[in-house]
A.B. asks: 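Dropping the structure in here first, questions after.
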Amino acid sequence: MSFDFDTVINRAASDSQKWQKYAGTDIIPLWVADMDFAAPPPVIEALHERVRHGVFGYSKPQPSQTQAVVEYCARRYGWMIEPSWIVWLPGLVTALNVSATAFGEPGDEVLCTTPIYPPFLTAPANQRRRAVPVPLVKVGGRWVMDFDALERAVTPRTRQLFLCSPHNPVARAYTRAELERLADFCARHKLIVTSDEIHCDLILNDTPHVPFATLHPEVAARSITLMAPSKTYNVPGLATAFAIIPDAVLRATFNRAAAGTVPDANVLGLVACEAALRHGEPWRQELIRYLRGNADLIAATVRDLPGVSMTPVEATYLAWIDVSALGLEAPGRYFEEHGLGFADGTTYSAPAGTHIRLNFGCPRATLTEALARFRRAVAAVRR
Ligand SMILES: Cc1ncc(COP(=O)(O)O)c(C=O)c1O
């Protein structure tokens with residue numbers, strides 16, 4: 001079966017955050033992490049059917065929806081989870097905030113490796129915790145965790161670590177060995193780990209994704225794993241995600257912290273999630289092939305551009321591009337002036353003037369035009 005990723009769908013007049021930002025301009029939006037593709041056909045069909053039902057009362061996840069998650073974990077990751085471990089949520093950002101407030105005391109510290117998706121740092125701050133950023137380091141052409149720096153960052157107030165695996169924005173798919181080393185670090189310091197694995201089904205380089213909690217039962221006992229169909233199947237606007245929390249005490253603590261502020265799961269999101277997990281795999285396989293093509297195009301363009309470099313995109317549809325040699329004060333603003341709506345690296349706590357993040361979850365034609373503009377914009381930099 002063949003799916004269409006080439007058609008350019010007009011989102012400019014829609015409710016899209018990504019496209020509204022540049023409404024009325026000639027700037028191509030390549031920032032916030034959703035894709036410009038329609039969701040997989042089985043997801044759209046399931047939603048049609050649910051909409052035809054016509055009643056949208058308060059939700060309670062159906063056993064088949066929870067079972068779809070259980071079977072997905074077993075099929076894709078060999079992870080045998082219990083239905084009772086699943087906590088349905090409206091999103092991962094909510095979950096990061098719940099984790100931040102659920103464990104420890106105000107003033108306690110949460111480790112996060114940077115650059116990082118902003119809510120990893122803002123969630124602890126929102127919840128009267130202190131986010132402690134520990135920069136990743138570039139070794140042998142890829143971003144890795146600095147375990148010496150992590151050790152140095154631990155204090156008597158360190159309670160948690162927020163892991164992003166795969167890692168947005170550096171597009172790393174961490175290996176089992178790297179995750180094992182991190183698990184050892186967390187065990188030694190008795191840290192609770194919230195592992196955001198929202199990009200886990202978007203691995204482009206064949207590194208097998210290892211859910212952090214599957215490393216060892218002792219690791220599972222201190223882990224909150226966050227997953228969602230949002231990124232892979234392009235349904236983030238349906239606000240549906242889930243946490244998998246094997247330990248009963250951890251789960252009760254998390255649920256207590258969520259009570260009263262976190263809304264019930266969304267009826268359409270639950271339907272989309274089940275359809276995606278049960279029937280989305282052929283579409284996902286083709287998506288991965290398409291995204292690899294896009295990533296290759298970016299890599300080839302960057303290779304030929306003086307002053308621009310990039311580490312390989314191992315996962316996600318986000319390229320983390322080093323533009324520091326161009327000497328731009330604010331690369332995001334500079335490229336906007338050249339018709340490109342990238343995210344500036346500072347959004348992810350990278351030093352100013354060093355990086356941009358390019359979202360390549362778009363048709364090849366859109367990307368090709370963006371890369372032509374990128375070439376011209378880089379050539380126009382006065383150095
Ligand atoms: C690592 C990561 N976590 C969470 C999210 C957002 O999750 P949600 O929309 O479920 O709040 C994103 C979106 O870009 C992300 O990249």
Side-chain angles (χ1 to χ4, degrees), residues 15-18 21 29-37 39 69 86-100 110 112-124 126-127 131 133 136 143 161-174 193-204 209 211-212 224-244 258 261-266 268-270 272-273 276-277 291 313-320 341-345 347-350 355 357-362:
D15 45 23
S16 160
Q17 200 179 106
K18 185 181 184 182
K21 179 171 181 186
L30 301 154
W31 63 289
V32 71
D34 68 27
M35 301 189 283
D36 293 333
F37 307 131
V69 174
I86 298 168
V87 178
W88 289 97
L89 292 158
L92 273 76
V93 173
T94 303
L96 290 171
N97 277 272
V98 173
S99 276
V110 182
C112 319
T113 54
T114 56
I116 190 67
Y117 176 62
F120 278 63
L121 301 176
T122 54
N126 291 341
Q127 308 303 332
L136 296 170
W143 293 95
L161 180 135
F162 282 0
L163 169 65
C164 191
S165 173
H167 193 118
N168 170 12
V170 301
R172 273 300 318 281
Y174 293 120
V193 179
T194 297
S195 184
D196 176 332
E197 304 187 9
I198 197 169
H199 296 280
C200 64
D201 291 325
L202 290 169
I203 297 209
L204 307 188
H209 175 73
F212 191 69
I224 292 122
T225 303
L226 305 178
M227 292 179 169
S230 323
K231 298 291 159 189
T232 310
Y233 301 100
N234 207 31
V235 288
L238 292 174
T240 300
F242 49 90
I244 302 171
T261 50
V262 175
D264 290 335
N266 175 297
L268 296 180
L270 286 167
C273 182
L277 298 186
L291 292 177
V313 181
E314 297 178 349
T316 76
Y317 45 79
L318 309 164
W320 184 240
F342 298 139
D344 192 277
T347 308
Y348 311 92
S349 305
H355 289 83
R357 192 192 75 171
L358 187 170
N359 172 349
F360 59 86
C362 60

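Read the numbers this way: they start at 1 and go in the same order the structure lists the ligands and their atoms. Numbers here are sequence positions counted from 1.
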A.B. asks: How far is atom 3 (N) of ligand 1 from its nearest protein heavy atom, and which residue and atom name does that atom have?
C.D. replies: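 Going by distance alone, atom 3 (N) of ligand 1 is nearest to D196 OD2, 2.5 Å.
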A.B. asks: Is the backbone N or O of G269 less than 3.5 Å from a side-chain atom of N266, with the two atoms forming a donor-acceptor pair by type?
C.D. replies: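 Pair found, side chain donor or acceptor close to backbone of G269.
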A.B. asks: May I ask you to decide if R172's main-chain N or O and E314's side chain share a donor-acceptor pair within less than 3.5 Å?
C.D. replies: no
A.B. asks: Students often mix this up, so state it plainly: with edges at 30° and 60°, are the rings of W88 and F242 parallel, tilted or perpendicular?
C.D. replies: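 Aromatic pair W88/F242 classed perpendicular.
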A.B. asks: Does the ring of W31 carry K18 above it, NZ/CZ under 6.0 angstrom from centre and within 45° of its axis?
C.D. replies: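 Cation-pi check for K18 and W31: fails.
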A.B. asks: Using a 4.0 Å heavy-atom threshold (strictly under), name the region of V93 that reaches ligand 1: side chain, backbone, both or neither.
C.D. replies: both
A.B. asks: Using a strict cut-off of 4.0 Å, indicate which atoms of ligand 1 neighbour a heavy atom of A33.
C.D. replies: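 Reading through ligand 1 atom by atom, the close ones are 14 (O).
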A.B. asks: Could any protein non-hydrogen atom be found less than 4.0 Å from atom 9 (O) of ligand 1?
C.D. replies: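 Looking at atom 9 (O) of ligand 1, one finds that no protein heavy atom lies closer than 4.0 Å.
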A.B. asks: Say whether L92, considering both its backbone and side-chain N or O atoms, lies within less than 3.5 Å of an N or O atom on ligand 1.
C.D. replies: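 Between L92 and ligand 1, an N or O pair is found under 3.5 Å apart.
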A.B. asks: For ligand 1, is any non-hydrogen atom under 4.0 Å from I198's backbone (N, CA, C, O), its side chain (CB onward), both, or neither?
C.D. replies: side chain
A.B. asks: Taking heavy atoms and a distance under 4.0 Å, where does P236 meet ligand 1: side chain, backbone, both or neither?
C.D. replies: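 P236 to ligand 1: no contact under 4.0 Å from either part.
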A.B. asks: Under 3.5 Å, side chain of T232 to main-chain N/O of P229, donor-acceptor pair present?
C.D. replies: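 Looks like no, no N/O pair under 3.5 Å.
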A.B. asks: Determine yes or no for a side-chain-to-main-chain donor-acceptor pair under 3.5 angstrom, with N359 supplying the side chain and V32 the backbone.
C.D. replies: yes
A.B. asks: Kindly say whether the aromatic ring centers of H355 and W320 come within a distance under 6.0 Å.
C.D. replies: yes
A.B. asks: Under 4.0 Å from any heavy atom of G91, which atoms of ligand 1 are there?
C.D. replies: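 Checking each atom against G91, I get 10 (O), 11 (O).
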A.B. asks: Flag H199 as yes when one of its N or O atoms lies below 3.5 Å from any N or O atom of ligand 1, and as no otherwise.
C.D. replies: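 Yes; at least one N/O pair falls below 3.5 Å.
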A.B. asks: Does N234 use its side chain to pair, donor to acceptor, with the backbone of S230 at less than 3.5 Å?
C.D. replies: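 It does not hold such a pair.
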A.B. asks: Closest non-hydrogen protein atom to atom 16 (O) of ligand 1, residue and atom name please, with distance?
C.D. replies: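 Looking only at protein heavy atoms, the one closest to atom 16 (O) of ligand 1 is N168 ND2, 2.7 Å.
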A.B. asks: Mark up the atoms of ligand 1 that fall under 4.0 Å of a heavy atom belonging to K231, in ascending order.
C.D. replies: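 Those atoms are 12 (C), 13 (C), 14 (O).
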A.B. asks: Within less than 4.0 angstrom of ligand 1, does H167 place any heavy atom?
C.D. replies: no
A.B. asks: Considering only protein heavy atoms, which is closest to atom 6 (C) of ligand 1, and at what distance to one decimal place?
C.D. replies: Y117 OH, 3.2 Å
A.B. asks: Is any N or O atom of S230, backbone or side chain, closer than 3.5 Å to an N or O atom of ligand 1?
C.D. replies: no
A.B. asks: Decide, yes or no, whether a salt bridge links D201 with K231 under the criterion of side-chain N to carboxylate O below 4.0 Å.
C.D. replies: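 The answer is no: the pair does not qualify as a salt bridge.
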A.B. asks: Consider ligand 1: state whether an atom of it lies below 4.0 angstrom from any non-hydrogen atom of C164.
C.D. replies: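 Contact check C164 vs ligand 1: positive.
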A.B. asks: Can you name the closest pair of heavy atoms from A131 and F120 and give their distance?
C.D. replies: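 So the minimum-distance heavy-atom pair works out to CB-O, 4.3 Å.
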